[in-house]
Amino acid sequence: MAWCGRDCDDAKVTRLWVADTTPDGLRRAWQARRPSRHYARLRAAAYARAEADWIWGINGTRMVTLALPFPDSEASPVGRRSTWPIGRVQTPVLALIERRCLEIANFQSEPFWRLETEFGDPTAGRVRAWLVAPAEFRFGHTATHFRHVDEAREIRRVLLLESEREWAVADAREIGTQSPPPLFDLLDLQRSAHRLAGWSAAYTLEIAQRLYERDHAISYPRTDSAALPVAMRSEIVARYTSLWREWAQIAWPRLAELAAPPEPGGTHFNDAGVTDHHAIVPTGVIPALVGETPDRMRPERMLWELIATRFLLAWLPAARVAYVKRLFSRDDGAGGVWRAVLETEEVESAGWLVYEDAMMNTTGIGLPLARRLAEKAVPPAGPFARMLTLKIEPGHTSPPHYLNDDLLLQKMAELRLGTSATRAQTMEGLEQAGLIERGTVGARFVTTRRGALLCALLSASAAAVFTDPNETAAWERQLELVEREREPVRKEDFLPHLVERLKDIKSSLVETGAPRFAVCPDTGRAVGEDASGWIFPAKSRLAGVRCPKVIAQRPMSAGDYARILLGGSKGGGPFEGFVGRHGAFPAWLVLDRKRGRFVFRFKARRVG
C-alpha cells in the first residue's frame with residue numbers, strides 16, 4: 001500500500017489475520033479485522049528485517065569478493081570473476097556445518113573399557129550392572145569407564161577371587177512424569193518429519209503449505225508457536241471430538257479398547273504463548289487419501305495424519321515414570337568400597353503412551369511401549385546379592401554426528417539464526433550456491449570444497465564477523481522488541497546502525513588485507529602449522545605426512561607443498577635454492593608414499 005501512495009495507518013484501512021483458509025476461518029478473520037495501524041510495529045519490523053538482509057548481503061558479498069583472494073580453480077567458466085555469497089543467516093549456518101565437518105575429520109577415537117557384572121539372588125533372579133571405576137582409573141567423566149584395559153583386568157581378577165562375598169543392594173526411586181508431546185510448531189514439525197520419513201525441511205514446509213492453501217486441512221504452518229488462544233477453546237473442543245469419532249477410531253481400531261480422551265484444555269491454551277500465529281492444528285477438513293496415483297498415499301495426507309495424531313495426543317494425561325538407580329556395594333578390604341550401578345526407567349502409569357502405542361509415534365524418538373515395559377523394568381531385590389559373572393567390554397569414543405535437517409534446525413533455533421519460516425530456505429540457498437551438499441550417507445550436510453574455502457578465508461580475516469551467529473541473533477532480539485512493542489526500537493534507528501557496522505568491517509578488511517595462508521588443493525581448507533612443519537587437513541593426500549619447513553637448507557612454504565600436491569605423481573617444481581655438498585641446486589620434489597617422505601627428482605637437461 002505504501003508503494004501505491006496510500007497511508008497504511010489510515011483509519012479507513014483494516015487488515016484481517018487469516019489462520020486457516022476454510023470458509024468458517026475466513027469469515028471469522030473478516031469479522032475480526034482490525035485497523036491497519038494496530039500492526040504498524042509488526043510491519044516496521046518486517047521492513048527492517050528485509051532491508052537489513054539486503055544491505056548486509058549485497059554489501060557483504062561485494063566486500064568479501066573484492067577483498068579476499070579467489071583461486072583460479074574457482075573462477076567462473078565463462079571468464080567472469082565469481083563471487084563469495086554472504087548472507088545474514090546463510091553464512092553463519094555454513095560456518096556451523098564446516099565446523100562440525102572439521103570436528104569429525106580431526107576427531108581421534110580413544111578406547112575405554114567397562115566391567116559388566118551380573119548379580120543374582122533368590123528374589124530378583126539375574127540383574128546386569130556396571131562396575132563403578134575408582135577415580136584414579138576413570139576415563140573421562142563417565143563413572144563406569146576405565147582408562148586402561150590392564151587396570152580393568154586386575155580389578156576383575158581381584159573381584160573374581162572373592163566372588164563368594166555378598167554385596168549390599170539399595171534402590172533409589174524418583175517419581176516423575178512424561179507429558180505428551182506439545183502441539184506442532186513449524187520447527188518441531190520439520191524435525192519430526194525428518195526423523196520419521198527422512199523429509200528435508202524444505203519439502204516438509206512445501207507439503208504443509210499445500211495442506212494449508214489447497215486442502216484447507218491445517219492452520220497456517222509458518223509459525224513458531226505451540227500454543228492456542230483461549231478464545232479458540234470451544235472451537236478446538238468441537239474439532240477434537242469430531243476428529244476422534246470420524247477419523248481416529250476408524251484409522252486406529254485399537255482406540256476402541258481405550259477410554260475416551262478428556263476434553264481439550266490446560267496449558268495449550270495460552271494467549272501469552274501465541275506469537276504472530278498459533279500452533280499448527282487440523283481445521284476439521286480431512287484431505288484426500290490418494291491423488292493421481294491410486295496405489296500411493298499423498299504426501300499431504302501423510303503429513304496431515306502426523307499433525308492430526310499429535311493434536312489428539314497433546315491433551316492426554318501424562319505418563320507416570322519411576323527413575324530407578326540400583327546400587328550394589330561391598331568393602332574392598334582396604335577401607336574403600338566397590339560399587340556397581342544399574343540405572344533405568346519404569347513406567348508405572350502409561351497415560352498417553354498407551355494411546356501413542358495404539359496410533360503412531362509423532363516424534364521419531366523413544367521405544368515402543370511394549371519394549372519399554374519389557375526391557376526397562378527392574379525386578380524387586382533382596383537386601384543382598386552375589387556377583388555371578390564379571391566380563392570386560394571394550395568401547396571407544398565416537399565423533400559427533402554430521403548435521404542433518406533435524407540437528408541443523410535445532411542448532412539454528414538455539415542460536416536464533418533465522419525464523420521458522422526462513423530456515424528451510426537458508427538450507428536450500430546454501431545448496432544452490434554450491435557451498436554445501438548432502439553427503440552420500442543419509443541426509444547429512446557437508447561443505448563442498450568451495451564452502452570450506454570460503455569459511456577458511458572468512459575465519460582468517462577481518463570478515464570473520466560474517467560467520468558469527470551472535471551477530472544475527474542480536475538483530476533478531478532487536479527486531480522482536482520492535483514487533484512486541486517492549487521497547488521504543490525503531491526501524492529508523494536499526495538500519496543506520498547496521499550500515500555503520502558494515503563500514504567498520506570494510507575498514508578492518510582494508511587495513512589488514514587478505515589473509516596470508518595456503519589452502520589445501522584437496523579439501524579447500526587452510527593448512528595449519530606447528531614449530532616443525534606444515535599440517536595439512538584431514539582427507540588431504542598430505543594428511544599425516546611430515547611436511548618440514550626446511551629441506552636441504554631451503555625454506556619450504558605451505559604453498560610449495562600445495563604445488564607438489566597439484567603435480568600428482570610428477571611432483572612440484574622446479575624449486576631453486578637447495579644446498580648440498582657441492583653447492584646450491586634446483587630440483588623437483590615428489591612424495592614417496594612408501595617411505596612417507598619427499599624425495600628429489602632431477603629433470604634431464606636440454607643440450608644445444
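Scope of the values below: all heavy atoms of this structure, side chains included, with no hydrogens, waters or symmetry mates. Keep in mind it's a predicted model, so treat the numbers as computed, not measured.
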Q: Please report the C-alpha distance between Arg301 and Asp215 in whole Å, then the side-chain angles of each, then the deciding distance to 0.1 Å, and finally whether the salt bridge (Lys or Arg N to Asp or Glu O under 4.0 Å) criterion is met.
A: CA-CA 10 Å; Arg301 175 61 179 251; Asp215 293 277; over 6 Å; no
Q.
Show, in sequence, the C-alpha distance, side-chain angles and deciding distance for Ile280 and Phe311, and conclude whether the side-chain contact (heavy atoms from CB on, under 4.5 Å) test is met.
A. CA-CA 9 Å; Ile280 305 172; Phe311 177 67; over 6 Å; no
Q) So Phe445 and Leu430, side-chain contact (heavy atoms from CB on, under 4.5 Å) or not? Walk me through it. A) CA-CA 10 Å; Phe445 290 116; Leu430 286 169; over 6 Å; no
**Q.** Stepwise side-chain contact (heavy atoms from CB on, under 4.5 Å) check, Arg416 with Thr472
**A.** CA-CA 8 Å; Arg416 302 171 68 88; Thr472 187; over 6 Å; no
Q: Assess whether side-chain contact (heavy atoms from CB on, under 4.5 Å) is satisfied between Met427 and Val93, documenting all intermediate values.
A: CA-CA 8 Å; Met427 297 179 194; Val93 171; 5.6 Å; no
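For an aromatic pair to be called close, the ring centres must be under 6.0 Å apart, and Trp304 with Trp247 satisfies this.
Taking every heavy atom of both residues into account, Ile250 and Glu246 meet most closely at CD1-O, 3.4 Å. Leu255 and Ala358 get closest at one heavy-atom pair: CD2-CB, 3.9 Å. Shortest non-hydrogen contact noted between Glu305 and Met360 is O-SD, 4.2 Å. The shortest heavy-atom contact between Arg114 and Thr144 is CG-O, 3.3 Å. Between Val274 and Leu228 the shortest heavy-atom distance is CG2-C, 3.7 Å. In terms of heavy-atom proximity, Gly87 sits nearest to Pro92 at O-CD, 3.7 Å.
Within 6.0 Å of the CD atom in Glu431, the count of heavy atoms belonging to other residues, nucleotides or ligands exceeds 12. Atom CD of Glu174 is surrounded by 12 or fewer heavy atoms from other residues, nucleotides or ligands within 6.0 Å.
Under the 3.5 Å distance criterion, the side-chain polar atoms of Thr283 are matched with a main-chain donor or acceptor of His216. Listed for the Ser192 side chain is a donor-acceptor partner under 3.5 Å among the backbone atoms of Asp188. Checked by atom type and distance alone, the side chain of Thr344 never pairs as donor or acceptor with a backbone atom of Val324 at under 3.5 Å. Put simply, the side chain of Asp271 gets close to the backbone of Val230: a donor and an acceptor are under 3.5 Å apart. In this structure a side-chain-to-backbone donor-acceptor pair under 3.5 Å is missing from Arg320 to Glu348. In this structure, Ser420 contributes its side chain and Leu187 its backbone to no donor-acceptor pair below 3.5 Å. Not a single donor-acceptor pair under 3.5 Å links the side chain of Thr447 to the backbone N or O of Leu94. With hydrogens and angles ignored, the 3.5 Å screen pairs a side-chain donor or acceptor of Thr117 with a backbone N or O of Ala129. A donor-acceptor pair under 3.5 Å is absent between the side-chain atoms of His194 and the main chain of Ser200, judged by distance alone. Panel note: side chain Arg100, backbone His401; a donor-acceptor pair is recorded below 3.5 Å.
Counting heavy atoms from C-beta outward, Arg310 and Pro180 have side chains that stay 4.5 Å or more apart. Looking at heavy atoms from C-beta onward, Pro282 lies in side-chain contact with Leu243 at the 4.5 angstrom threshold. Counting heavy atoms from C-beta on, the side chains of Arg195 and Ile365 come closer than 4.5 Å. In this structure, Thr397 and Ser109 have side chains that are in contact, with non-hydrogen atoms separated by less than 4.5 Å. Side-chain atoms of Ile236 and Phe269, non-hydrogen and from C-beta on, do get closer than 4.5 Å to each other. Using a 4.5 Å cut-off on side-chain heavy atoms (C-beta onward), Arg173 and Tyr323 make no contact. For the pair Ile218 and Leu303, the minimum side-chain heavy-atom distance is 4.5 Å or more. Proximity of Arg233 to Glu263: side-chain heavy atoms (C-beta onward) are separated by under 4.5 Å at one or more points.
Taking the six-membered ring for Trp and thresholds of 30 and 60 degrees, Tyr240 and Trp244 have nearly parallel ring planes, at less than 30 degrees apart. Using a 30° and 60° split on the angle between ring planes, Phe112 and His145 fall in the parallel class, below 30°. Ring-plane geometry between His268 and Trp315 is classed as perpendicular, the angle between the planes exceeding 60 degrees on a 0 to 90 degree scale with a lower cut at 30.
The existence of a salt bridge linking Glu235 and Arg239 is confirmed by a sub-4.0 Å separation between a basic side-chain nitrogen and an acidic carboxylate oxygen.
Expressed to the nearest 0.5 Å, how far OG1 of Thr448 lies from CD of Glu98 amounts to 9.0 Å. Summarising the geometry, atom CZ belonging to Arg128 is positioned 11.0 Å from atom CG belonging to Leu388; distances are rounded to the nearest 0.5 Å. The distance from the NZ atom of Lys391 to the CG atom of Leu131 is 14.5 Å, given to the nearest 0.5 Å. The line from CG of Leu189 to CG of Leu306 is 6.0 Å long, rounded to the nearest 0.5 Å. Summarising the geometry, atom CZ belonging to Arg222 is positioned 10.0 Å from atom NE2 belonging to His277; distances are rounded to the nearest 0.5 Å. Taking CD from Glu300 and CD from Glu206, the interatomic distance works out to 8.5 Å, rounded to the nearest 0.5 Å.
Screening Thr426, Leu417, Asp53 for a side-chain contact (heavy atoms from CB on, under 4.5 Å) involving Arg88 leaves a single residue, Asp53. Checking Arg191, Arg438, Arg444 one by one against Asp405, the salt bridge (charged side-chain N to carboxylate O under 4.0 Å, His left out) holds for a single residue, Arg438.
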